[in-house]
Peer 1: 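Just dropping this structure here.
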Amino acid sequence: ADVICELGNENEYEREILMMWESSYIFHKQVQRKGGLPIHGALIERDGKGILLAAPGGTGKSTCCRRIPSEWHVLGDDEAIVIPDENGNYIAHPFPTWSEYYWKRSKPTWKVENGVKLSAMFFLEQSSNDLAIPLGRGESAVFINQASTQVLSRSWINISKEERNLFKRNLFIIASKLSSSVASYKLLVSLHGKFWEEMQLVNN
């Protein structure tokens, strides 16, 4: 039931990274069967509470991870797997971003076996001020679906249209369930403000 990927030949590094990248679809398929999904977002933790900072590439996830104070712990800076446990909680795990390894831009490694109970999701938007704005369930489901599609769409080119449509339909069902269980916010983030204080205000 497990998929184990390992880098071995330094001369084939780029090719092996691409193979691991493509094979992640098999893993995502298993995650979906268990009611989970991937999220394009940084995973951070404070006092046992997991927080996702979701946004498209270049919006500021990694910058936020570098700026956040030391009482926050960065578990992963770009992608996470969210999956329900037997108690109905959603557990988030950091997950590698293969493009970062392919271009050799990423030095840290993330411990994918370390999961944390997901407390809230924040969808980042660059701004001149810092503010957390609660999202309704419908809007939250759309944001979650978009953040997951940003991860999954890269491998959909290799599957049939029928399988892709079924995957998309199940994805939105799961995003809707997640939106009703975990609080979501739009997080306006300025370049020099203390955005984490806004997160703490709404997530205590």
Peer 1: Going hydrophobic residue to hydrophobic residue with side-chain gaps under 4.5 angstrom, can you get from Ile51 over to Ile68?
Peer 2: yes
Peer 1: If every non-hydrogen atom of Lys61 is compared with every non-hydrogen atom of Asp77, which pair is closest and at what distance?
Peer 2: CB-O, 4.0 Å
Peer 1: Could you state whether Leu187 and Ile44 fall into the same hydrophobic cluster, counting links through intermediate Ile, Leu, Val, Met, Phe, Trp or Tyr residues with side-chain heavy atoms under 4.5 angstrom apart?
Peer 2: yes
Peer 1: Students often mix this up, so state it plainly: with edges at 30° and 60°, are the rings of Phe167 and Trp156 parallel, tilted or perpendicular?
Peer 2: perpendicular
Peer 1: Picking from Ile91, Leu178, Val182, what satisfies side chain to side chain contact (heavy atoms under 4.5 Å, CB included) with Val82?
Peer 2: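 Only match with Val82 under side chain to side chain contact (heavy atoms under 4.5 Å, CB included): Leu178.
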Peer 1: Main chain of Val202, side chain of Tyr185: is a donor-acceptor contact present, judged purely on distance under 3.5 Å?
Peer 2: yes
Peer 1: List for me each residue that meets salt bridge (Lys or Arg N to Asp or Glu O under 4.0 Å) alongside Glu139, sequence neighbours excluded, and say none if there are none.
Peer 2: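 Once residues adjacent in sequence are excluded, Glu139 has no partner under the salt bridge (Lys or Arg N to Asp or Glu O under 4.0 Å) criterion.
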Peer 1: Could you give the distance from CG (Leu201) to CH2 (Trp196), rounded to the nearest 0.5 Å?
Peer 2: 13.0 Å
Peer 1: With sequence neighbours excluded, give me every salt bridge (Lys or Arg N to Asp or Glu O under 4.0 Å) pair touching residues 173-199.
Peer 2: Glu125-Lys186
Peer 1: Once rounded to the nearest 0.5 Å, what's the spacing between atom CD1 of Ile174 and atom CD1 of Ile83?
Peer 2: 9.0 Å
Peer 1: Holding to salt bridge (Lys or Arg N to Asp or Glu O under 4.0 Å), I want the full list of residues that pass it with Lys29, two or more places apart in sequence or in another chain.
Peer 2: Glu163
Peer 1: Between Arg67 (side chain only) and Phe195 (backbone N and O only), is there a donor and an acceptor less than 3.5 Å apart?
Peer 2: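 Between the backbone of Phe195 and the side chain of Arg67 there is no qualifying donor-acceptor contact (under 3.5 Å).
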Peer 1: Give the cluster check for Met199 versus Val74: same hydrophobic cluster or not, with ILVMFWY residues linked at side-chain heavy-atom distances below 4.5 Å.
Peer 2: yes
Peer 1: Side-chain heavy atoms nearer than 4.5 Å, only ILVMFWY residues, links allowed to pass through others: does that put Leu124 and Leu188 together?
Peer 2: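 Unlinked, Leu124 and Leu188 end up in two clusters.
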Peer 1: So does Ser190 get a backbone contact from the side chain of Asp130, meaning a donor-acceptor N/O pair under 3.5 Å?
Peer 2: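 Yes, the answer is positive, given that a donor and an acceptor are paired below the 3.5 Å cut-off.
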Peer 1: Can the ring centroids of Phe27 and Phe95 be said to lie less than 6.0 angstrom from one another?
Peer 2: yes
Peer 1: If only side-chain N and O atoms count, and only distance matters, is there a donor-acceptor pair under 3.5 Å linking Ser179 with Ser140?
Peer 2: no
Peer 1: Look only at the side chain of Ser148 and the backbone of Ile144, and say whether a donor-acceptor pair between them is shorter than 3.5 Å.
Peer 2: no
Peer 1: Check whether Lys117 reaches the backbone of Lys49 with its side chain - one donor and one acceptor, N or O, closer than 3.5 Å.
Peer 2: no
Peer 1: Can Leu152 and Lys168 be said to form a side-chain contact (heavy atoms from CB on, under 4.5 Å), step by step?
Peer 2: CA-CA 10 Å; Leu152 293 165; Lys168 287 181 177 180; over 6 Å; no
Peer 1: What about Leu171 and Ile81, same hydrophobic cluster or not, with Ile/Leu/Val/Met/Phe/Trp/Tyr joined at side-chain heavy-atom distances under 4.5 Å?
Peer 2: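 Leu171 does not cluster with Ile81.
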Peer 1: Apply the test side-chain contact (heavy atoms from CB on, under 4.5 Å) to residues Ser160 and Arg164: give CA-CA distance (whole Å), side-chain angles for both, the deciding distance (0.1 Å), then the verdict.
Peer 2: CA-CA 6 Å; Ser160 68; Arg164 184 164 61 249; over 6 Å; no
Peer 1: Under the side-chain contact (heavy atoms from CB on, under 4.5 Å) rule, what do Val151 and Glu79 come out as? Steps first, then yes or no, please.
Peer 2: CA-CA 8 Å; Val151 175; Glu79 189 175 322; 3.3 Å; yes
Peer 1: Does the side-chain contact (heavy atoms from CB on, under 4.5 Å) test come out yes or no for Glu45 and Trp72, once each step is laid out?
Peer 2: CA-CA 6 Å; Glu45 176 267 334; Trp72 296 83; over 6 Å; no
Peer 1: Can you tell me if Ser153 uses its side chain to pair, donor with acceptor, with the backbone of Thr149 under 3.5 Å?
Peer 2: yes
Peer 1: Between the side chains of His40 and Asp78, is a donor N or O closer than 3.5 angstrom to an acceptor N or O?
Peer 2: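 Side-chain D/A pair, His40 to Asp78: present.
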